[in-house]
Asks: 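Take this structure, written in structure tokens, and hold onto it; I'll ask about it next.
Chain identifiers are assigned alphabetically (A, B, ...) following the order of the sequence lines, protein sequences preceding nucleic acid strands; residue numbering begins at 1 within each chain. If you're wondering where the values come from, they're calculated on a predicted model, not measured in any experiment.
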Amino acid sequence: MPAPPSVKHWLQRTRSTRDRHGYSEGESIVTNNVSHENLMRYLDGEASPEERALIDAAVASSTELQRELVLFRSMKNDLHAMSFGLANDQSVWGAVHRRITRRLGWIMLIAGFAISGVYGSYLYFSSAIGAWEKLATAAIGLGILFLFGTVIYERRKEWRTDPYRNVYR
Amino acid sequence: MQPEIEREVVRMSKSGDPRSYEPLVRAYEGPGFRLAVGMLGSMDEARDALQDAFIKAWQSLHSFDITRPFGPWFFQILRNQCRDVIRSRQSRERHEVRDEQIDVLPAGASSDPRRLHERSEASLILWKSLNTLGDEHREILVLKELQGFRYSEIANILEIPEGTVASRLYHARAALREALVATDAEYP
């Protein structure tokens, strides 16, 4: 295998050998009877033994293919060697867990509140208390619920349009 | 994680137990982070996208086929999440210059300082060039080179035939080669 060429020199060379269709040897669909797809499979270790043998022979007889392969292999190795580790203290599990359980907490709270509200109302309205008293209590309860609902609605609307909602202060 | 254990963990998570979801998050957050950083080019955005993808996966677990492996399904969600981030970023600020410093030191440290320096320089040039590629090219290079997935796995995640994976990889590598030339730096 030849020494890895600089990518600039490699491109200058292939550009200078463009044919009348505008393709250079290195840019055409097939280079020395090896299609680009097969070349990629060979490079990535996905080619069958028969394909490998054929490409090995083609590579051995073509310096152009050898250069292309060396360059792609170098890019492959450098990319593969890059490391963006997530340190142990950077695990996203804590945040994910909080968000999962918070949702679950809201569902349970609302469900519990709704069940107790319905059951409590049933007990209250089926009791022997006077009708005016029941009406006044119902108005107070509905008023509180209505105010609470509008505050939540406003806050949610504000949050959804806040461009800095993902910025932790 | 072994397939049988993973299947059991997914089954328990499907039943709604948040604690049983932890092993899945721990197992896939590392590779997921690499994928997200590669696609987004930003550590902070990658972490946010990863979190959101795990939440979406949790919320969609009920529709997940337990006989399939969790990984490709999760990476599909994460890839869509990253694409959403890129789309919203593009509509928010066109061509923002991302100057975040990312540690792209080669993992296989060489004992020769000169060689290590050369490879670090090459990695940095390569990383900058990778970030100038279009989404489709960057995505497939990240899946293949940073994640080390096989063609069948990439085909599964991107929902394309394996033949298209090879062809797309060629075009992505050729685009990266062109991007390297544009940096005017000597590579390799």
Asks: Against chain A, label B:Y151 side chain, backbone, both or neither, depending on which of its atoms sit under 4.5 Å from a heavy atom there.
Replies: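 Interface part for B:Y151: both.
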
Asks: How about B:K128: does its NZ atom have over 12 heavy atoms from other parts shown lying under 6.0 Å from it?
Replies: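 Not more than 12 within 6.0 Å, no.
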
Asks: Given that the side chain runs from C-beta out, which part of B:R168 has a heavy atom under 4.5 Å from chain A: side chain, backbone, both or neither?
Replies: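 Neither part; nothing is under 4.5 Å.
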
Asks: Which residue out of B:V142, B:L126, B:L50 racks up the most heavy-atom pairs below 4.5 Å with chain A?
Replies: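 Of B:V142, B:L126, B:L50, B:L126 has the most heavy-atom pairs under 4.5 Å with chain A.
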
Asks: Could B:R173 and A:E68 be called an ion pair, given the rule that one side-chain N must be under 4.0 Å from one carboxylate O?
Replies: no

Asks: Between B:E8 and B:R11, is the closest basic N to carboxylate O distance under 4.0 Å?
Replies: yes

Asks: Can a donor-acceptor pair be found between the side chains of B:D17 and B:S15 at a distance below 3.5 Å?
Replies: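 No - no donor-acceptor pair under 3.5 Å links their side chains.
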
Asks: Under 4.5 Å heavy-atom distance to chain A, tell me which part of B:L169 shows up: side chain, backbone, both or neither.
Replies: both

Asks: Under 3.5 Å, side chain of B:R89 to main-chain N/O of B:L40, donor-acceptor pair present?
Replies: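 At least one qualifying donor-acceptor pair exists.
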
Asks: Could you tell me which of B:I55, B:V165, B:D52 has the largest number of non-hydrogen atom pairs under 4.5 Å with chain A?
Replies: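 Heavy-atom pairs under 4.5 Å are most numerous for B:I55.
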
Asks: Is a donor on one side and an acceptor on the other found under 3.5 Å between the side chain of A:S126 and the backbone of A:L123?
Replies: yes

Asks: Tell me, out of B:A46, B:A174, B:S167, who's got the most heavy-atom pairs with chain A below 4.5 Å.
Replies: B:S167

Asks: Check this for me, if you would: do A:R41 and B:E162 make a salt bridge, where the nitrogen-to-carboxylate-oxygen distance has to be below 4.0 angstrom?
Replies: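 A salt bridge is absent here (no side-chain N lies under 4.0 Å from a carboxylate O).
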
Asks: Taking the inter-plane angle between the rings of B:Y21 and B:F54 on a 0 to 90° scale, is it parallel (under 30°), tilted (30 to 60°) or perpendicular (over 60°)?
Replies: perpendicular

Asks: Under 4.5 Å, heavy atom to heavy atom: which of residues 93-100 of chain A reach chain B? Give them by number, or say none.
Replies: A:W93, A:A95, A:V96, A:H97, A:R99, A:I100

Asks: Taking C-beta and beyond as the side chain, do A:D44 and A:F72 meet within less than 4.5 Å on heavy atoms?
Replies: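 They are not in contact (no side-chain heavy atoms under 4.5 Å apart), so the answer is no.
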
Asks: Name the region of B:Q147, side chain, backbone, both or neither, that has any atom closer than 4.5 Å to a heavy atom of chain A.
Replies: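 Interface part for B:Q147: neither.
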
